[in-house]
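Single-structure report; data block below.
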Amino acid sequence: MSDTTTGQGGPVSAGGVMLAADGRPLKQSLARAQRRQRLRAFLLVAPLLAFVLIAFVAPIADMLFRSVENEIVPETLPRTVAELRRWDERSGSLPPQEVFVAMARDLQLAETRKLHTRVGQRLNYEYTGVSSLFRKTGRRLSRMGRELKQAFVGLDPAWGEPATWVELIGAPDWREAQAAWAARRARAGADAGPEPLFRADPAIAALLPQTADFYAAFARAIQTEDGDSPTEEAPWPLVYDALYRDLSGGADLSRHTGPHADLLRAAAAAVPGFPPVSIRDEMLKVDDGWGDVAMWQTIKAYSGRFTNGYFLAALDMKKTPDGIAMVEENRRIYLMLFWRTLLLSVGITLATLVLGYPVAWLLANLPARHANLLLILVLLPFWTSLLVRTSAWKVLLQQQGVINDLLVWIGLISDDARLVMINNQTGTIIAMTHILLPFMVLPLYSVMKTIPPSYLRAAKSLGATNWTAFWRVYFPLSVPGIGAGAILVFILSIGYYITPELVGGTSGIFISNRIAYHISISLNWGLAAALGSILLFAVLILYWTYDRIVGIDNVKLG
Amino acid sequence: MQQSSDGAFVEFERVQKSYDGETLVVKDLNLAIGKGEFLTMLGPSGSGKTTCLMMLAGFETATHGEIRLGGRPINQVPPHKRGIGMVFQNYALFPHMTVAENLSFPLEVRGMPKAEREQKIARALDMVQMGDFAGRRPAQLSGGQQQRIALARALVFEPELVLMDEPLGALDKQLREHMQFEIKHLHERLGITVVYVTHDQTEALTMSDRVAVFNDGVIQQIDPPDVLYERPQNSFVAQFIGENNTLDGTVESIEGDRCRVRLDHGEVIDAVAVNVRAPGERTRISIRPERVEYNAERMPADAFRIRAEVLEFIYMGDIYRTRLDVAGNQNFIIKTRNAPDQRRLKPGEVIEIGWRVEDCRALDAA
Ligand SMILES: Nc1ncnc2c1ncn2[C@@H]1O[C@H](COP(=O)(O)OP(=O)(O)OP(=O)(O)O)[C@@H](O)[C@H]1O
Ligand SMILES: [Mg+2]
């Protein structure tokens with residue numbers, strides 16, 4: 001509008017801004033009027049949005065997270081992970097004593113918290129045998145270092161008393177709180193609540209770092225896991241080992257004034273005479289699996305919070321001390337499965353297109369009465385269970401099945417040369433083409449329905465033969481339907497699982513069957529998630545390519 | 001039929017058509033269209049116009065009878081070999097092709113070399129004044145522009161016969177009138193034969209050499225526009241073309257081409273005997289509104305006069321339209337030009353109106 005003072009669109013402020021009838025800037029009024037509408041629209045879709053978030057976005061995010069998540073190793077074996085950092089895995093020699101000690105302590109704690117089998121299983125995915133090693137060792141840990149315990153108790157029976165340890169290590173304010181709690185419990189019984197969580201005295205932690213750390217971990221573990229109190233339980237033998245290591249490491253006790261300072265000083269003086277203990281030897285005695293350098297390398301490789309290990313495994317690769325390498329030839333399966341899934345899905349998509357196009361054309365061009373009947377026939381497969389349909393294919397396709405019988409009877413094939421059409425790729429392709437056919441027919445139909453018959457008539461009146469009219473006019477107009485159907489069928493088949501499982505045998509299974517295996521049988525969810533994520537990325541990349549080449553606006557899904 | 005059937009370019013001979021095997025949509029159609037003629041099929045909805053056109057184009061087969069094009073029977077010739085240009089009601093421009101590609105299509109399927117094609121396309125586009133739009137897609141054109149392209153596409157391969165099925169049906173009044181002239185001029189310039197379908201009678205009257213009025217699968221009358229309007233052969237045609245006043249009555253006597261009719265209201269009037277055969281027959285008298293005079297000074301001496309009461313006066317700009325009560329018919333309309341010497345009638349006024357006997361036609365009672 002060039003006329004700024006008396007324009008027909010309403011008054012205009014000095015700044016040249018359009019004003020609404022109430023004198024506010026027009027833009028602002030418009031935004032306000034639209035905000036209410038937008039809010040209402042949002043409220044209308046909110047339930048759906050919540051559903052999509054919960055049922056769709058959240059699981060996908062969870063899957064993506066699981067495929068790289070490795071919390072359990074650094075969480076359960078924190079001391080080992082820290083010690084391993086100082087070990088050079090390429091030296092080819094076993095890790096030093098400290099790593100074994102740390103592993104023993106971590107495992108002892110994990111065993112109490114019932115986590116050692118889980119972390120064992122996690123590492124077992126990467127290195128076979130870790131799981132049983134952890135389980136076997138876990139049972140023997142409570143006896144490791146008992147000679148030291150005997151030596152300490154022999155020196156002074158006070159070392160066998162739980163109270164000695166609590167007073168020695170516990171922080172003064174924790175001990176006060178604990179005493180108050182004990183008094184309350186004597187009066188009120190169970191209503192007093194749980195015992196305050198153990199805290200170590202920072203002074204003693206500076207003096208005896210290993211002992212304080214491990215004893216505190218012990219105390220908290222029995223508090224939270226068993227509901228026991230450190231005031232009533234003597235520590236594990238491994239705690240004595242920790243004290244032994246702190247004292248023989250030359251802790252300076254001369255200025256220590258805390259409780260039991262004399263007891264400590266006496267022990268420090270006696271320690272050099274104690275029998276030498278090597279946790280490493282003890283562990284090797286329990287199982288010589290601990291002497292396997294490659295296993296230690298694996299643990300070190302998978303000690304981070306996040307890992308690309310699942311993705312590497314999903315691509316038939318693994319980590320070695322020298323970087324990433326392919327796994328042995330005979331253990332590669334996933335790349336081949338991905339490739340096969342892609343190829344078969346393309347094949348199935350083409351097959352549904354070839355079979356579905358004429359059906360859709362008939363549907364769109366028959367008189368309404370016949371078209372409805374045909375549509376019901378097309379949808380009929382949806383009315384029977386997927387399992388029933390797939391099993392029916394088994395009956396039809398097997399070597400003693402209906403089709404083979406028929407062919408033999410006609411004389412097309414001889415009785416001893418019956419066709420193998422099931423438990424291989426042929427079976428998968430046939431059964432899945434049948435099952436996914438409606439997903440091709442329906443989008444095609446919905447697009448063809450919108451192509452007026454007058455286009456074909458116009459083409460013919462202009463001199464085109466039936467074929468030219470179809471190819472030059474009808475077919476290009478049906479391409480959006482082809483695109484939609486193809487995307488639908490391809491994406492469905494790339495993730496299909498039940499049918500290949502039932503009729504695919506070994507040569508006709510898809511990557512999703514492997515994902516299902518890892519989810520429900522091997523319980524390697526991380527690998528399943530990585531495989532699923534790769535599948536997701538593959539689909540997204542294909543979708544993107546499709547968009548670049550054909551244009552997603554050209555896809556009509558209904 | 002006016003044309004002798006041997007000189008005809010398009011001929012329908014005893015053609016019948018039924019879709020369902022129960023009812024005849026086209027009943028015994030005989031029609032001869034001369035070369036270069038502009039023939040319009042006019043009729044109410046469902047009267048079989050499109051069906052006739054589709055049979056001619058080859059998209060429907062006649063159930064019975066023969067259709068000839070240039071003297072050759074074409075019942076067995078498939079549509080793409082008939083070489084008939086066609087303009088569809090919804091234009092049927094291919095949406096995935098540009099304007100130029102749309103026009104190129106009929107030439108390509110005829111195997112025409114590229115240079116020649118381009119030349120013809122350019123000529124056809126210029127012909128409909130759409131030379132600048134070759135690169136556009138149909139969706140980027142207005143309704144009128146699409147219409148022109150459809151026309152150009154039907155003409156670009158130079159067919160001798162062009163069929164148009166309500167080609168202007170989707171356009172607004174002004175554009176429709178404009179396009180009527182353009183089509184008419186193209187027809188004159190190119191000398192092609194046009195069969196045109198419409199249910200707009202003004203369109204039929206302004207454009208055609210002859211109009212075939214269809215009703216119920218039968219041609220009621222086929223004549224040049226003026227004959228059709230001024231001398232309708234039956235009351236359907238009289239009613240369907242233009243506005244028409246009717247008075248029902250019974251024939252008293254017939255003398256030559258005149259007859260005397262006693263109206264149901266009691267009056268006795270003379271009329272041209274068009275569609276009455278014997279005294280005692282029921283008849284319907286038809287008088288065009290603009291042939292009725294109420295101005296005493298202009299009344300012809302031999303006019304038949306009758307009293308009328310003014311019921312309503314409507315001012316319509318160029319004309320006055322007055323509704324009268326005449327011999328019991330309260331929907332008797334008269335139209336007069338808005339001129340300085342014309343009086344505006346007032347409701348309630350009783351006047352005397354009159355008409356010439358030639359303008360008063362006794363038709364079938366229908
Ligand atoms: N494909 C068809 N199948 C069955 N009946 C049809 C078919 N096409 C038309 N008819 C019937 O034939 C009769 C004539 O139809 P037609 O289309 O020729 O009418 P028309 O004169 O072109 O009408 P309009 O002015 O509405 O276009 C109608 O009663 C219609 O219902
Ligand atoms: Mg029609």
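Here is how names work: the chains are called A, B, and so on, in the same order as the sequence lines, proteins then strands, and each is numbered from 1.
Contacts of B:E108 with chain A are made by side-chain atoms alone, with heavy-atom separations under 4.5 Å and no backbone atom involved. Both the backbone and the side chain of B:F59 come within less than 4.5 Å of a heavy atom of chain A. With a 4.5 angstrom heavy-atom cutoff, B:L163 does not touch chain A via any of its atoms.
In this structure, CG in A:L456 is found 8.5 Å from CZ in B:F94, a value given to the nearest 0.5 Å. Distance NE2/B:H96 to OH/A:Y455: 9.5 Å, rounded to 0.5 Å. To the nearest 0.5 Å, atoms CZ (A:R472) and CD (B:E101) are separated by 8.0 Å. One finds the NE2 atom of B:H80 at 7.0 Å from the CG atom of A:N466 (value rounded to the nearest 0.5 Å). In this structure, CG in B:N90 is found 4.0 Å from OG in A:S454, a value given to the nearest 0.5 Å.
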> Should A:R457 and B:E60 be marked as a salt bridge (Lys or Arg N to Asp or Glu O under 4.0 Å) after you check the CA-CA gap, both sets of side-chain angles, and the distance that decides it?
Replying inline: CA-CA 11 Å; A:R457 290 185 162 182; B:E60 296 289 351; 3.7 Å; yes
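Chain A forms the most heavy-atom pairs under 4.5 Å with one residue out of B:L93, B:V156, B:L107, and that residue is B:L93. Chain A forms more heavy-atom pairs under 4.5 Å with one residue of B:P95, B:A154, B:A150 than with any other, namely B:P95. Counting heavy-atom pairs closer than 4.5 Å to chain A, the top residue among B:R82, B:R110, B:M86, B:M54 is B:R110. When each of A:A459, A:P476, A:A469, A:P452 is checked for heavy-atom pairs under 4.5 Å with chain B, A:A459 comes out on top.
For B:Q76, the CD atom is loosely surrounded, since the number of other residues' heavy atoms within 6.0 Å does not exceed 12.
Between B:F88 and A:S461, the closest side-chain pair of non-hydrogen atoms falls below 4.5 Å.
The two atoms that bring B:V109 and A:L462 nearest to each other are CG2-O, 3.7 Å, heavy atoms only.
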